[in-house]
Amino acid sequence: MILIKNGKVVNSNSIENHDVLLDKSTIIKVGPNLVSGNKNCKIIDAVGCYVLPGGIDPHVHMNLSTPLGYSSDNFKSGSNAALYGGTTSIIDFVTPKRGENLDYALSSRIDEAKVSETNYSFHISLVEWHNNLEKQIKKCIKQGYSSFKVYMAYKDSIGLSDSELRKVMNIVGKLGGLLLIHCELGDKIDVLRNSLVDEGKIEPCYHPISRPAETESEAVRKAIDIASTEKCPIYIVHVSTKESVDHIRIAQSKGQPVFAETCPQYLILDDTKYKGEFDETSKYVMSPPLRKQEDSEALWNAISDGTIGTIGTDHCPFTKSQKEICRNDFRSIPNGVGGVEHRLALVYTYGVLTRKISINKFVEVTSTNASKLFGLFPAKGVIKPKSDADLVVWDPDAENIITASKHHQNCDFNVFEGVKTTGCPKIVIKNGKIVVENC
Ligand code: URP
Ligand code: ZN
């Protein structure tokens, strides 16, 4: 038993001076002046701290297989880093090879994830169309996996053509699923990146030039249009541009079920990171690329007004040497950056403390909304009796500077190196057990 006393309990719609009593992996009481009545109960004094629902990161890629090897965090190291940042649940992806059965890919991925220190679940990527797909999707839904993902980029490996996208949307919509979409116009990007390389423009600074803002926003517009005719609820991952936000806002105002996510890198960093030498700039190769400061401002506004409902990390780090293999061609640099450990501290520091968003909105976008969208509510994303005992005692005053020399992510650099944060988890509880204390 654990009793958390004297904290400010924050939910997406409330903040109260309450105590929280946990028994095994469940919250059993929330209220003022609680006593446990059990002499073995551990008492945590949370005076001066917030008590938050454990963070839920709806977008991570642990142990992602690429032609250049695996991303550098596996389920063990990546989930451990997540816990240190106050994230107690992650949602990763099952990405079958073309020709592979979804069911088989799902059970292999479940095996890989068993070492995870956080709670975990999966979205299932649909990387091709075939006549058996409807049956396989139905089976996934029956097993409790009802969010699927498609890529409009990466057409030569996992991306779908527009006609495949339409068929997938039709089926996922009909079966009551939710479709996550990586919105970038793959064909247009391929033409741009190939012509840049033909001109000898091979450095990482050409990565963002090969994926300009309109290749995202036009993909967002197209995805919204097809989803509207096929009656499929969609969730647009890692939104990075102002124009994408505009399209999403319009669709939502018409009542279309369009949900949107962004990531800390698009809120905190910008495309000036692509100026400089290979060793520095290659670190920031991710898709979509970093954008302009105006885009970050539009993203914060969209979080504040509810257009963007979730903040995931797209956690997918690669080490310096993995990024460096591809000095001669930016197209081959493995895409992705790490951040699972820093999501809460970054959003708190640059969102709550700058008054862009409230502490309730902070909880909503880092935990509650992901829980609701991905079938975890009311077990997760809220502090109330009968919910899971996944909690963070958040010290709002602790100051830190992000650095690779101290982080828990398995990567020899950090894209947020030198970024100052205020606020961090003092205690993290997962399934009723203290998993991080006084870090
Ligand atoms: O650059 C990124 N986002 N890497 C992770 C894989 C993906 O595209 O989601
Ligand atoms: Zn991703």
Side-chain angles (χ1 to χ4, degrees), residues 56-75 78 82 87 90-96 109 120-127 147-160 179-186 189-190 193 204 206-208 210-211 215-216 219-220 223 234-241 244 259-267 269 271 273-274 281-291 310-319 322-323 326 330-340 343 370 374 409 411 413 415-416:
I56 302 172
D57 189 334
H59 187 160
V60 301
H61 302 270
M62 304 303 174
N63 220 32
L64 180 77
S65 171
T66 79
L68 291 169
Y70 287 91
S71 57
S72 60
D73 258 325
N74 57 29
F75 276 95
T87 289
I90 56 172
I91 314 183
D92 204 296
F93 296 84
V94 174
T95 306
R109 195 72 172 148
Y120 57 90
S121 185
F122 302 102
H123 312 293
I124 298 181
S125 300
L126 306 172
V127 298
S147 52
F148 299 87
K149 180 173 185 195
V150 292
Y151 294 81
M152 294 171 79
Y154 314 135
K155 291 269 178 82
D156 57 348
S157 52
I158 51 176
L160 298 188
L179 192 66
L180 282 66
I181 314 184
H182 175 129
C183 288
E184 284 190 302
L185 294 179
I189 288 168
D190 285 342
R193 66 211 301 248
Y206 295 106
H207 171 73
S210 73
R211 307 179 100 89
T215 56
E216 178 185 301
V220 166
I234 57 172
Y235 173 104
I236 300 172
V237 295
H238 48 51
V239 172
S240 72
T241 81
S244 299
F259 306 95
E261 164 202 278
T262 192
C263 314
Q265 53 270 35
Y266 303 115
L267 294 166
L269 308 176
D271 64 357
K273 296 285 186 197
Y274 297 112
T281 56
S282 59
K283 292 176 181 171
Y284 300 93
V285 170
M286 67 189 93
S287 294
L290 298 172
R291 306 293 188 188
T310 51
I311 302 180
T313 56
D314 200 4
H315 180 81
C316 189
F318 293 92
T319 60
Q322 287 178 297
K323 294 266 183 188
C326 313
F330 72 83
R331 293 174 303 181
S332 315
I333 300 172
N335 275 221
V337 297
V340 74
R343 184 177 65 120
F374 300 117
Q409 303 174 163
C411 192
F413 68 91
V415 288
F416 299 105

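When reading the values below, keep in mind they use all heavy atoms of this one structure, side chains included, and skip hydrogens, waters and symmetry mates. This is a predicted model, so every value here is computed, not measured. Order of listing sets the numbers, starting from 1, for every ligand and every atom in it. Note that the numbering runs from 1 along the sequence shown for the chain.
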query = Under the side-chain contact (heavy atoms from CB on, under 4.5 Å) criterion, do Phe75 and Asp92 qualify, and how do the steps go?
reply = CA-CA 9 Å; Phe75 276 95; Asp92 204 296; 3.6 Å; yes
request  = Using ring-ring contact (aromatic ring centres under 6.0 Å, His included) as the criterion, list what pairs up with Phe374, not counting sequence neighbours.
outcome  = His123, Tyr235
request  = Over all heavy atoms of both residues, which pair between Asp73 and Pro317 is shortest? Give the atoms and the distance, please.
outcome  = OD2-CG, 3.7 Å
ask   = ring-ring contact (aromatic ring centres under 6.0 Å, His included) with His207: which residues, sequence neighbours excluded?
value = none
Neighbour count >12 (heavy atoms, 6.0 Å) for atom OH, Tyr154 = yes
inquiry  = If you compare all heavy atoms of Phe416 against all heavy atoms of Gly338, which two are closest, and at what distance to 0.1 Å?
reply    = CE1-O, 3.9 Å
request  = Classify the angle between the aromatic ring planes of Phe330 and Tyr206 as parallel (below 30°), tilted (30 to 60°) or perpendicular (above 60°).
outcome  = tilted
message = For the NZ atom on Lys273, are there more than 12 heavy atoms of other groups (residues, nucleotides or ligands in this structure) within a distance under 6.0 Å?
response = no
key: Sidechain N-carboxylate O distance under 4.0 Å for Asp190, Lys155   = no
key: Distance below 2.8 Å from the Zn ion (ligand 2): protein N/O/S atoms   = His59 NE2, His61 NE2, Asp314 OD1
Close-range residues for ligand 1, whose non-hydrogen atoms fall below the 4.0 Å threshold = His61, Lys149, Tyr154, His182, Met286, Ser287, Asp314, Cys316, Asn335, Gly336
